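Below is one structure, written out as structure tokens, with a few remarks after it.
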Amino acid sequence: MSEIDWDDPLLASPKPKATAAHTPLLEKAQEVLERINAFYAAERRRPVSEKGRTVIERLLANDLAGLRASRSELIELAPLDINGLVFDTPAPAVGSPFDDPLLSGATNIFELSKPLQ
């Protein structure tokens with residue numbers, strides 16, 4: 001019986017497979033919250049996981065339940081919860097551009113002083 005040639009390339013360990021980078025929890029939760037906010041803006045209601053609803057809505061409802069279950073770990077995302085779906089109190093609304101003090105004395109800023117020719 002011959003000796004084993006330990007330098008044989010067939011005996012070499014395979015190279016490790018490339019793995020996907022791990023997405024941090026807050027980044028993933030922020031993406032999910034943005035999708036839920038977009039759904040709420042379009043439908044004006046929370047996503048519901050019920051029979052007869054679309055698959056997308058049911059997935060969003062499950063994602064929302066997951067966010068609500070771990071809200072203590074996601075407190076940094078409270079300002080992004082503009083509809084109060086996760087933290088039960090909506091984030092303070094961003095002021096209107098018309099509330100700018102520079103525009104406070106301006107009236108009818110979109111009306112033309114002379115008609116277009």
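In this text the structure is predicted, and so the values were computed from the model without any measurement.
- Closest heavy-atom contact between D63 and R35: OD2-NH2, 3.5 Å.
- At least one donor-acceptor pair under 3.5 Å links the side chain of D5 to the backbone N or O of D7.
- V48 approaches R53 most closely through the heavy-atom pair O-CG, 3.6 Å.
- Considering only heavy atoms from C-beta on, I56 stays 4.5 Å or farther from F39 through its side chain.
- Residues A61 and S49 share a closest heavy-atom pair of CB-N, 3.4 Å.
- In terms of heavy-atom proximity, L77 sits nearest to F87 at C-CE1, 3.9 Å.
- Side chain of N37 to main chain of L80: a donor-acceptor pair is present (N/O by atom type, distance under 3.5 Å, no hydrogens or angles).
- Taking CG from L85 and CG from L67, the interatomic distance works out to 10.0 Å, rounded to the nearest 0.5 Å.
- Taking the side chain as every heavy atom from C-beta outward, R68 and D88 approach each other to under 4.5 Å.
- In this structure, E57 does not pair ionically with R46, as no charged nitrogen and carboxylate oxygen lie closer than 4.0 Å.
- Remark: Q30 CD to L25 CG distance equals 11.5 Å, nearest 0.5 Å.
- The same ILVMFWY cluster, assembled from side-chain heavy atoms under 4.5 Å apart, contains both V32 and I75.
- L74 has its side chain out of reach of V86: every pair of non-hydrogen atoms, C-beta onward, lies at least 4.5 Å apart.
- By the 4.5 Å heavy-atom criterion applied to side chains, I36 and D81 are not counted as neighbours.
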